[in-house]
Amino acid sequence: VSMICSRPQLSISFCFSPAQFGRTEVIDNTLNPDFVRKFVLDYFFEEKQNLRFDVYNVDSRSSNISKHDFLGQTFCTLGEIIGSTGNPFLVFYRSNEDGTFTICHKTEVVKNTLNPVWQPFTIPVRALCNGDYDRTVKVDVYDWDRDGSHDFIGEFTTSYRELSRGQSQFNVYEVLNPKKKGKKKKYINSGTVSVVLSLSSCQLCHNFDLAKLRLANGNPSQPTSLHYMNPYQMNTYAMALKAVGEIIQDYDSDKLFPAYGFGAKLPPDGKISHAFPLNSDTENPNCVGIEGVLEAYFQSLRTVQLYGPTNFAPVINQVARSAADVTDGSQYFVLLMITDGVISDMVQTKEAVVNAASLPMSVIIVGVGPAEFDAMEELDGDEVRVSFRGRIAERDIVQFVPFRDYIDRSGNQVLSMARLAKDVLAEIPDQLLSYMKSRGIEPRPALETTPTPARYMRI
C-alpha cells in the first residue's frame with residue numbers, strides 16, 4: 001500500500017506493490033489530516049498481503065504522482081491492520097468545585113493489545129472524591145505514543161457511589177469521543193471499559209485474544225535429518241513454522257506463543273516427554289513472536305535428544321484445556337503441529353480431537369519428509385468426520401497438508417512457504433465461524449474509533 005501527505009495540501013494514495021491501488025483526497029492547510037475516503041480491499045486470511053504507504057506533499061493539480069514531493073513511506077501487511085493493536089492507558093480525574101478537573105491517578109501503559117487488563121491499583125477515597133460519593137470522576141482513555149503525542153481515544157464519567165455497586169452492568173462504561181460524536185451521525189462509541197472496585201483496589205479488565213500457536217517436532221540431528229540446521233537455508237520444520245506463524249501472528253494481541261515439542265529425552269536425567277517447552281521454561285513457555293519460537297526450536301535441538309514414541313494426544317489435550325477455560329467467543333486457539341508422519345497414539349489422538357471439536361480451537365498438521373501420511377489423512381475429517389467409540393466430532397477442526405506437495409521445484413523457499421500457508425490456513429475462518437454459530441455467539445457491533453488507526457475496535 002502507499003500513502004501521500006502534503007503541506008499545505010495533504011493527500012494519501014494506497015497501492016499494492018507493485019501496482020498502485022488508490023489515493024485519498026487532498027486536504028488543504030493542515031498538518032494533521034483526517035482522511036475520510038474509504039477503500040475496499042479483497043482480504044484473504046490465509047495469505048500475506050503486503051502493503052506500502054507513500055506520503056506526498058501535493059503542490060499542484062497534476063495527477064502524475066512523480067510531480068509531487070515525496071515525504072516518506074511505511075510498510076505493513078493487511079493482516080496487521082485487521083489485527084492492529086494499541087498501547088492504552090487511563091487517566092483518572094477528580095472534579096473540583098469550580099468545574100475543573102485534577103489528575104488523581106494514571107495507570108500503566110498496556111502495550112500491544114486491543115483489550116488491556118490493567119494491574120489493580122489503589123486510590124484513596126479522599127483523592128478520588130474528597131469524601132463526596134456522588135462527586136463526578138472523569139476517566140480519559142489514551143493510546144500511548146513513544147514521542148509523547150498520545151492519542152485521545154475517548155472518556156467516560158462515573159462516581160464513587162456507582163463504582164461501589166460492584167461488578168455489574170453499572171460498571172461497564174462506554175468510552176465516548178466528543179469530537180467524533182459531533183461529527184458523525186452513526187457514531188456509537190470508541191469501546192467500553194469495565195471497572196471492578198474492591199475495598200482496597202480498583203481493577204479494570206478488557207480481554208481479547210485470538211490465536212495461540214504451539215509447535216511440536218519430530219526426529220534426528222544429522223545433515224540428512226529433517227531437523228538439520230543448515231547455516232544457509234531453513235529446514236522444512238522451520239519453513240513450515242515461519243510460513244504459518246508469520247500470517248497468524250498478526251491476529252494474536254500479545255505476540256506471545258507457547259511452543260512445545262514432543263518425543264524427546266530431556267536433560268539432565270534423560271526423562272522422556274511428550275509436551276516439553278522449547279524454551280526449557282516450564283513456568284513460562286511463551287516465546288516472543290515467531291522469530292522467538294524459531295530461536296527456541298533451534299536451541300532445543302542442541303539440548304534435547306529426539307526420541308520416540310511420537311504422541312499427539314498430550315499436546316492436543318494441553319491446548320484443549322486452555323480453550324475450555326474461554327468458551328464465550330472472546331478467544332480462539334490454533335494449534336500448529338509439525339511432524340514426520342509417525343504417530344504412536346492414534347486411538348488417544350482421535351479421542352482428543354473428538355473432545356476438542358466442541359471447543360474454540362482448530363488443529364493444523366503439517367507433514368514433512370517422504371513418509372506416508374495415511375494416519376494424518378484419517379484425522380483430517382474432510383470426507384469422514386473423526387470418531388471415537390461411536391462419538392462423532394462435533395465439527396471438522398483438523399486441517400492436514402503434506403509440505404512436499406508445496407515445495408517449489410526451483411528451490412524458491414519463499415514461494416514454497418506462501419503456497420503452504422495459503423492452503424493450510426484456508427479452513428480456519430470457516431472453523432471459527434462454525435464454533436461461534438454452534439454456540440449462538442453473535443459478532444459484537446463494530447465500534448467507532450478515533451481518527452488514528454482502529455485500536456479500540458472489537459473484532
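Numbers for residues simply follow the sequence, beginning at 1.
Side-chain atoms of Gln331 and Met361, non-hydrogen and from C-beta on, never get closer than 4.5 Å to each other. Residues Cys287 and Tyr297 have side chains not in contact (no heavy-atom distance under 4.5 Å, counting atoms from C-beta outward). At least one side-chain heavy atom of Asn355 sits less than 4.5 Å from a side-chain heavy atom of Arg391.
Side chain of Lys48 to backbone of Ala418: no donor-acceptor contact under 3.5 angstrom is found. In this structure a side-chain-to-backbone donor-acceptor pair under 3.5 Å is present from Asp345 to Ala313.
Salt bridge Glu394/Arg385: absent, no basic N to carboxylate O contact under 4.0 Å.
The nearest pair of heavy atoms linking Ala320 to Leu359 is O-CD1, 3.4 Å. Taking both residues in full, the closest heavy atoms of Gln399 and Val424 are given as CG-O, 3.5 Å, listed atom of the first, atom of the second, then distance. For the pair Met239 and Ser416, the tightest heavy-atom approach, listed with the atom from each and the gap, is CE-CB, 4.1 Å. The minimum heavy-atom distance linking His274 with Phe262 is given by the pair O-CB, 2.9 Å. Residue Ala393 comes nearest to Ala357 through the heavy atom pair CB-CB, 3.8 Å, listed as atom of the first residue, atom of the second, then distance. The two residues Leu266 and Val304 come nearest to each other via the heavy atoms CD2-CG1, 3.7 Å.
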Self-check item: Stepwise side-chain contact (heavy atoms from CB on, under 4.5 Å) test for Glu174 and Ile188
Solution: CA-CA 9 Å; Glu174 286 190 300; Ile188 300 175; 4.1 Å; yes
Exercise. Decide yes or no on side-chain contact (heavy atoms from CB on, under 4.5 Å) for Ile364 and Ile428, but give the supporting numbers first.
Key: CA-CA 9 Å; Ile364 296 172; Ile428 297 296; 4.0 Å; yes
Exercise. Could you walk me through whether Ser387 and Lys350 pass side-chain contact (heavy atoms from CB on, under 4.5 Å), step by step?
Key: CA-CA 7 Å; Ser387 63; Lys350 284 184 177 181; over 6 Å; no
Practice problem: Would you check, one step at a time, whether the test side-chain contact (heavy atoms from CB on, under 4.5 Å) holds for Gln49 with Thr77? | Solution: CA-CA 5 Å; Gln49 296 171 275; Thr77 66; 5.8 Å; no
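Among residues at least two apart or in separate chains, there is no ring-ring contact (aromatic ring centres under 6.0 Å, His included) pair with a member in residues 401-441. Within the structure, the salt bridge (charged side-chain N to carboxylate O under 4.0 Å, His left out) test picks out no pair touching residues 270-280 (sequence neighbours left out).
Under the 30°/60° scheme for interplanar angles, the aromatic rings of Tyr237 and His227 are found to lie parallel. Aromatic ring orientation, Tyr142 versus Phe89: parallel (interplanar angle below 30°, classes split at 30° and 60°).
Note: Thr349 OG1 to Asn317 CG = 8.5 Å, rounded to the nearest 0.5 Å. Between Asp140 atom CG and Asn177 atom CG the span is 10.0 Å, to the nearest 0.5 Å. Here Met417 contributes atom CE and Glu246 contributes atom CD; the two are 5.5 Å apart, rounded to the nearest 0.5 Å. We find the CD1-CG distance between Ile338 and Leu336 to be 4.5 Å, quoted to the nearest 0.5 Å. The structure places CG of Asn235 at 5.0 Å from CZ of Phe298, a figure rounded to the nearest 0.5 Å.
The number of heavy-atom neighbours closer than 6.0 Å to CG of Leu433, taken from other residues, nucleotides and ligands shown, is above 12. Open room surrounds CD on Glu295; 12 or fewer heavy atoms of other groups in view lie less than 6.0 Å from it.
Residues passing the side chain to side chain donor-acceptor pair (under 3.5 Å) test with Glu427 are Gln431, sequence neighbours excluded.
Between the side chains of Ser62 and Asn64, no donor-acceptor pair is found at a separation under 3.5 Å. Looking only at atom types and distance, the side chain of Ser330 has a donor-acceptor partner in the side chain of Asp328 under 3.5 Å away.
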